[in-house]
**Student:** 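If you scroll down you'll find the structure; I have some questions about it.
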Amino acid sequence: MLLRVRVTLPDRPGTLGQVARTLGVSGADIVQVVVLERLGGRAVDDFTVVWPGAARVERLMAGLAAIPGVRVDGVWRAIGAPTTTGQDAELLAQVAANPTDGVATLVDAVPGLLAADWAVAAVVPVDWASRTGGGTATVGHASWRAPEPPVLPEITPLRARALTGVDGGHYAVAPFGRAGLVLVAAREHSEPLTAAGFHSTEVDRLAQLVRAGAVILGDRLDLVGAPPVTSVT
């Protein structure tokens, strides 16, 4: 199976090599490495690996944690091949080419781009500010593998941010800036795997996609979650 492994490690020569060797010895075949952050002598790296289905993930986590200065932030299942920001422009081109299905196109693509389990376009009530807890969001479109109904965190259409639910699931949310529409990406908590929370670079990437999508789609966003119009004869 395909796994995403996130580690925080000392930003010094040799440490990345130790992590890579440990992954290899444990049976993981590295497909991609992405540096999410380098700050204050520390780095946060995401490894996408092919992992033998019969192997125990606990062995992998223990091996990584044994490297001095290395912390395992999360290990979780990826639903597709790793992608980079080059796919973002292609996705937005697809949205522009077929704006009628633009929101659905964004929602369906986001889990693969951000190594998430699922995503939804949620509609927050227009009077959310006057409601206790912000009101209950409704789902305008859900991606494949989204639960029915999806369990959403308390979201308000204010700013892009990362959230952690009471069940341990992680969420990234980004508002479209109109109609109370918010795109929500989720990583579920499932033993023995423990997903990492969304990094700030991932939240920024989601926010950029949503802002660009909002510019392309314009007034069409007002139709998301609206009841269908039936003709009267």
Side-chain angles (χ1 to χ4, degrees), residues 1-91 108-119 143-146 162 164-165 167-172 185-206 208-209:
M1 59 182 173
L2 202 62
L3 292 181
R4 188 67 61 92
V5 181
R6 179 168 300 172
V7 296
T8 297
L9 64 158
D11 188 13
R12 59 173 180 259
T15 305
L16 181 59
Q18 286 181 279
V19 172
R21 284 193 298 274
T22 300
L23 288 169
V25 169
S26 300
D29 181 14
I30 299 174
V31 178
Q32 185 190 55
V33 182
V34 175
V35 179
L36 296 175
E37 177 183 307
R38 298 181 69 180
L39 183 67
R42 304 283 289 175
V44 180
D45 292 352
D46 267 4
F47 294 81
T48 302
V49 303
V50 177
W51 181 251
R56 294 177 61 86
V57 176
E58 294 89 342
R59 183 182 65 183
L60 170 64
M61 298 176 67
L64 292 172
I67 304 173
V70 171
R71 184 184 74 231
V72 181
D73 295 329
V75 179
W76 68 102
R77 187 187 297 268
I79 65 172
T83 60
T84 61
T85 53
Q87 279 72 31
D88 295 4
E90 181 180 348
L91 171 59
D108 290 340
V110 159
L113 295 177
L114 297 182
D117 291 303
W118 49 268
S143 72
W144 177 62
R145 293 183 61 182
T164 299
D167 61 349
H170 298 292
Y171 303 88
R187 290 178 185 148
E188 296 180 335
H189 177 74
S190 58
E191 296 290 348
L193 304 181
T194 303
F198 287 90
H199 191 268
S200 58
T201 57
E202 296 174 308
V203 176
D204 289 344
R205 184 181 184 186
L206 180 64
Q208 290 167 11
L209 281 171

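The chain is numbered in sequence order, starting from 1. Computed from a predicted model, the values in this text were never measured in an experiment.
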**Student:** Would you please say whether a donor-acceptor pair under 3.5 Å links the side chains of Arg71 and Thr8?
**Tutor:**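 Indeed, the side chains of Arg71 and Thr8 share at least one donor-acceptor pair under 3.5 Å.
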**Student:** Is there a side-chain contact between Glu37 and Thr201, using heavy atoms and a 4.5 Å cut-off?
**Tutor:**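 Not in contact.
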**Student:** Which atom pair, heavy atoms only, marks the closest approach of Ala172 to Leu206?
**Tutor:**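 Looking at all heavy atoms of both residues, the closest pair is O-CD2, 3.7 Å.
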**Student:** I'd like to know if the side chain of Arg187 and the backbone of Leu114 have a donor-acceptor N/O pair within less than 3.5 Å.
**Tutor:**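 Confirmed, Arg187 side chain pairs with Leu114 backbone.
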**Student:** Which value, rounded to the nearest 0.5 Å, describes the distance between Met1 atom CE and Trp51 atom CH2?
**Tutor:**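 Rounded to the nearest 0.5 Å, the CE-CH2 separation comes out at 8.0 Å.
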**Student:** For Thr48 and Val31, indicate whether the former's side chain and the latter's backbone hold a donor-acceptor pair under 3.5 Å.
**Tutor:**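 No; judged by distance alone, with no hydrogens or angles, the pair does not exist.
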**Student:** Rounded to the nearest 0.5 Å, what's the gap from NE2 on His189 to CG on Asp117? Could you check?
**Tutor:**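 The distance works out to 12.0 Å.
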**Student:** With rounding to the nearest 0.5 Å, note down the distance linking OG1 in Thr164 to OH in Tyr171.
**Tutor:**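 Interatomic distance, Thr164 OG1 to Tyr171 OH, rounded to 0.5 Å: 9.5 Å.
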**Student:** To check you understand the geometry: which heavy-atom pair defines the closest contact between Ala119 and Val110, and what is its length?
**Tutor:**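 Answer, listing the atom of Ala119 first, then Val110: CB-CG1, 4.2 Å.
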**Student:** Is the shortest side-chain heavy-atom distance between His199 and Val34 below 4.5 Å?
**Tutor:**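 The answer is no; the side chains never approach within 4.5 Å.
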**Student:** Any non-hydrogen side-chain atom of Val35 less than 4.5 Å from a side-chain atom of Val44?
**Tutor:**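 No - every pair of side-chain heavy atoms lies 4.5 Å or more apart.
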**Student:** Using the side-chain contact (heavy atoms from CB on, under 4.5 Å) definition, which of the options Leu64, Val5, Val72 pairs with Val19?
**Tutor:**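 Of all the options given, the one that passes is Leu64.
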**Student:** Short question: side chain of Arg6, backbone of Leu36 - any donor-acceptor pair under 3.5 Å?
**Tutor:**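 No, because the side chain of Arg6 does not come within donor-acceptor range (under 3.5 Å) of the backbone of Leu36.
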**Student:** Can you tell me if Trp118 uses its side chain to pair, donor with acceptor, with the backbone of Glu188 under 3.5 Å?
**Tutor:**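 A pair under 3.5 Å: no.
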**Student:** Minimum heavy-atom separation for Ala162 to Phe198, with atom names?
**Tutor:**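 Closest heavy-atom pair between Ala162 and Phe198: CB-O, 3.7 Å.
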**Student:** Hey, could you give me the CG/CD distance between Asp204 and Gln208, rounded to the nearest 0.5 Å?
**Tutor:**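 If we round to the nearest 0.5 Å, Asp204:CG and Gln208:CD are 6.0 Å apart.
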**Student:** Out of the candidates Leu16, Leu9, Thr15, only one should pair with Arg12 under the side-chain contact (heavy atoms from CB on, under 4.5 Å) rule; please name it.
**Tutor:**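 Among Leu16, Leu9, Thr15, the one meeting side-chain contact (heavy atoms from CB on, under 4.5 Å) with Arg12 is Thr15.
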**Student:** With side-chain contact (heavy atoms from CB on, under 4.5 Å) as the test, pick out the partner of Val75 among Val7, Leu3, Val49, Thr194.
**Tutor:**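 By the side-chain contact (heavy atoms from CB on, under 4.5 Å) criterion, Val75 pairs with just one of Val7, Leu3, Val49, Thr194: Leu3.
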**Student:** Which atoms form the tightest heavy-atom contact between Pro52 and Gly27, and what is the distance?
**Tutor:**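 Residues Pro52 and Gly27, closest heavy atoms: CD-O, 3.2 Å.
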**Student:** If you measure from CG on Leu193 to CZ on Arg77, what distance do you get to the nearest 0.5 Å?
**Tutor:**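 Answer rounded to 0.5 Å: 6.5 Å.
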**Student:** Compare all side-chain heavy atoms of Leu113 with those of Leu209 and state whether any distance is below 4.5 angstrom.
**Tutor:**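 Yes, close enough: below the 4.5 Å cut-off.
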**Student:** More than 12 heavy atoms of other residues, nucleotides or ligands under 6.0 Å from CZ of Arg38: is that the case?
**Tutor:**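 No, because the 6.0 Å sphere around CZ of Arg38 holds 12 heavy atoms or fewer from other groups.
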